[in-house]
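Some notes on the structure that comes next.
Lettering of chains follows the sequences in order, A, B, ..., and the numbering in each one begins at 1.
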Amino acid sequence: MNWILANHLHELLHMAAATFFIINGVSAIWEYRNLRSRFVLSYSAMCLSSAGYAMYTVISHNLPKFGEFWIPWTTAGLVVTFSAAFLYLLTVGQFLDVRSRLFAVSLVLLGTIAVVALGDLLLYAVTQRSFLFIPVPREGIGPHQLALGEGAYSLQIMAEILPIIFIISIVWGVVYLLVHLIRNRSTDILIYIGLFMTAAIIVNESLIALSVYEGVYLLAFTKAFETFRIHRDISLRSQAQLERRLHEAEKRELEQQVQARTAELEAANKELEAFAYSVSHDLRAPLRHIDGFLELLHGRISTTLDEESQDFVNIIFDSVWRMSQLIDDLLAFSRMGRQEISKTQVDLVALVRDVIQELAPDAQGRNIHWNVADLPAVSGDRAMLRLVLVNLISNALKFTQPHQQTEIGIGCMLDSKTEIIIFVRDNGVGFDMNYADKLFGVFQRLHRQEDFEGTGIGLANVRRIISRHGGRTWAEGEVERGATIYFSLPKHNKGDRS
Amino acid sequence: MKLFKRILLVDDDSKDIELTMSALKVSNLVNDIQVARDGVEALDYLYHRGKFTQETDGNPIVILLDLKMPKLDGVQVLKQIKSDDNLKSIPVVILTSSRESKDLEICYELGANGYVVKPVKFADFVETVREIGVFWGLINEPPPGSGRKLS
């Protein structure tokens, strides 16, 4: 192979290196935006300065005039490399794994060469003689012409030092290759194989000095690139870790919030329980006292009371009794909200039959036409659903009382995919739809106490039980034309064991 | 040898005591009622300490115990009675305003012999107390060591 081809190959190598460095340098700056790692910056600086050097080499090769102003770029390149290595060790070296530390060592090795080269430069400045591969600039001759044999290399020293560097880099590269191959089975090794093959070709063409230098140079930067990639991967991984940690922190926070809420709810529930307990003990006692002492008093004075006074006494007795009922209802309602639901399959037909039986005394002597449809089995708390039916059916009985012919229907609507709708329909006194939403409120009544007895807790209980089952409650009616109370139960209950 | 049957009524509310006493008097079944105004006094009586140091009577035939009281409440008194070998045979009937399931559970767990909710209506209350008196004072045979020997 002639010199010209060798020179072109050399130029091509440098242009490839320059492209490689520019791409890496720019992409490193790009990466810096995301990673904010100082290493990325130093790597970028290293790449761009090296690109500058490689490009200068190509230019100076073709435009020999530049050689006049040539300062030892080789040395400058090595200084940059050394600085980058130093910066690198300073900034991220402490976080690195073994492999990256090995790379750092190789950079320091190059740095050592740079120091030697600087020493050679100083020596040249003093003695006008170079002992290393620093070419002496001459008019019209670029550094690589010098390197190709025209320059004033101190060949003796080169002959001693260069093989050592060559051997070190080859051995280091081979060891690295093997380790890499065994540990990672990575395609990255192709880069090294190509590198060493190129080096071998150049060496065979007797361009020992250059090829070794370029070989080491490229090896170093390829490794730098790889380390950068590793570092980037680590950064990305740590970013992923960071994200995961953030996610976990968020989750923890959420869990804590849930716990806090649960604790709050439990506290509120406890308070409610304590309140109900206190109501149940403390509100009943005074009532008992009123009733008891009024009875005792009445026993003493009943004979002297006129009719009106006797009425007053009776009103007090009635009021006490009513208050007592209200307290009992309120407590039952409160208990209904706190009591745990234990779901089973409930046969509604059997349950309705059971409830009608229980309410038979209220129906006695009345002309009632029961119309019970074929109801499905539902999932729910048997005792609670029983209470719902007791409330609805006894209401139907109560509000149909004034009517001669009573009709009570209990049916279902199964067309919905998500819920089962059950209704209790009567032909009683009904209600004004304008007040339909008041029907389910606690102690809300649409009729006077004298007309229909009750505290107004029944439908409130129904609504509470049904909503605790995940269902809805609503009503339809018309004054004097009956009422229909609907409730729904979800078909697929959460926690449904069936 | 005749036993002087004594009932221990533990209640902090003077009005309740009066009503209970009236009810017991109406039924005229029991000849001696000892009243303790709170849990501490009840235990003092049973252990013959404090102002009851001089007491030499045997155990009451039944204890009517209110639950909600200052200082030691009914549940604590019940616990103490039922964990004492000398007292645990005394029948304890809880006589209280509430039918909270929580109370029912713990009282029976601790070994209460009965749980009666004081009815709000005085007529019912009298009837209830009368029945308690009849059962524990007449029908039921108290454990040995109850009452006081009459000389």
Side-chain angles (χ1 to χ4, degrees), chain A residues 266 269-302 313-342 381 383-384 387 455, chain B residues 9-28 37-39 64-78 94-107 115-130 132-133:
Chain A
E266 269 170 15
N269 218 17
K270 273 230 166 73
E271 217 167 86
L272 198 72
E273 220 164 282
F275 174 75
Y277 184 79
S278 171
V279 165
S280 127
H281 273 279
D282 300 341
L283 289 193
R284 274 216 196 94
L287 278 179
R288 216 172 42 241
H289 301 155
I290 295 169
D291 196 271
F293 286 100
L294 185 65
E295 188 76 66
L296 290 175
L297 179 70
H298 192 233
R300 290 176 178 220
I301 58 168
S302 59
V313 170
N314 287 340
I315 287 169
I316 298 174
F317 279 132
D318 283 351
S319 298
V320 167
W321 182 235
R322 185 161 169 74
M323 180 78 191
S324 156
Q325 274 186 315
L326 285 172
I327 291 172
D328 285 353
D329 286 352
L330 202 57
L331 285 173
F333 181 66
S334 152
R335 211 173 294 130
M336 200 61 67
R338 292 175 281 134
Q339 204 172 310
E340 264 180 51
I341 293 179
S342 68
D381 185 309
M384 287 192 182
L387 196 63
T455 54
Chain B
L9 173 64
V10 189
D11 204 322
D12 63 306
D13 192 321
S14 59
K15 297 183 238 23
D16 265 332
I17 292 169
E18 200 172 333
L19 289 177
T20 312
M21 299 286 266
S22 315
L24 285 168
K25 255 179 230 157
V26 168
S27 48
N28 201 20
R37 297 297 302 273
D38 58 46
L64 302 181
L65 183 62
D66 188 20
L67 284 184
K68 211 165 171 244
M69 293 184 292
K71 298 190 205 168
L72 274 181
D73 67 23
V75 171
Q76 286 168 303
V77 173
L78 178 65
I94 306 298
L95 189 60
T96 182
S97 305
S98 117
R99 61 174 69 80
E100 289 286 296
S101 56
K102 175 176 103 177
D103 288 337
L104 273 163
E105 266 167 42
I106 187 136
C107 288
Y115 192 107
V116 176
V117 177
K118 298 174 188 169
V120 170
K121 268 196 171 155
F122 186 63
D124 300 339
F125 183 70
V126 170
E127 180 56 22
T128 303
V129 172
R130 194 188 69 83
I132 293 171

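- The line from CZ of Arg288(A) to CG of Asp124(B) is 12.0 Å long, rounded to the nearest 0.5 Å.
- Interface remark: of the candidates Asp103(B), Thr96(B), Leu67(B), Asp103(B) forms the most heavy-atom pairs closer than 4.5 Å to chain A.
- Taking a 6.0 Å sphere around NZ of Lys102(B), one finds it holds more than 12 heavy atoms contributed by other residues, nucleotides or ligands.
- A distance of 10.0 Å separates OG of Ser97(B) from CG of Leu283(A), quoted to the nearest 0.5 Å.
- The side-chain heavy atoms of His289(A) and Asp13(B), taken from C-beta on, include a pair separated by under 4.5 Å.
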Practice task
Start with the C-alpha distance between Ile290(A) and Val120(B), add both sets of side-chain angles, then the distance that settles side-chain contact (heavy atoms from CB on, under 4.5 Å), and finish with yes or no.
Solution key: CA-CA 9 Å; Ile290(A) 295 169; Val120(B) 170; over 6 Å; no

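- With a 4.5 angstrom heavy-atom cutoff, Phe293(A) touches chain B via backbone and side-chain atoms both.
- When all heavy atoms are compared, the tightest approach of Leu296(A) to Ser22(B) is CD1-OG, 4.0 Å.
- Note that the CG atom of Leu287(A) and the NZ atom of Lys118(B) stand 13.5 Å from one another [nearest 0.5 Å].
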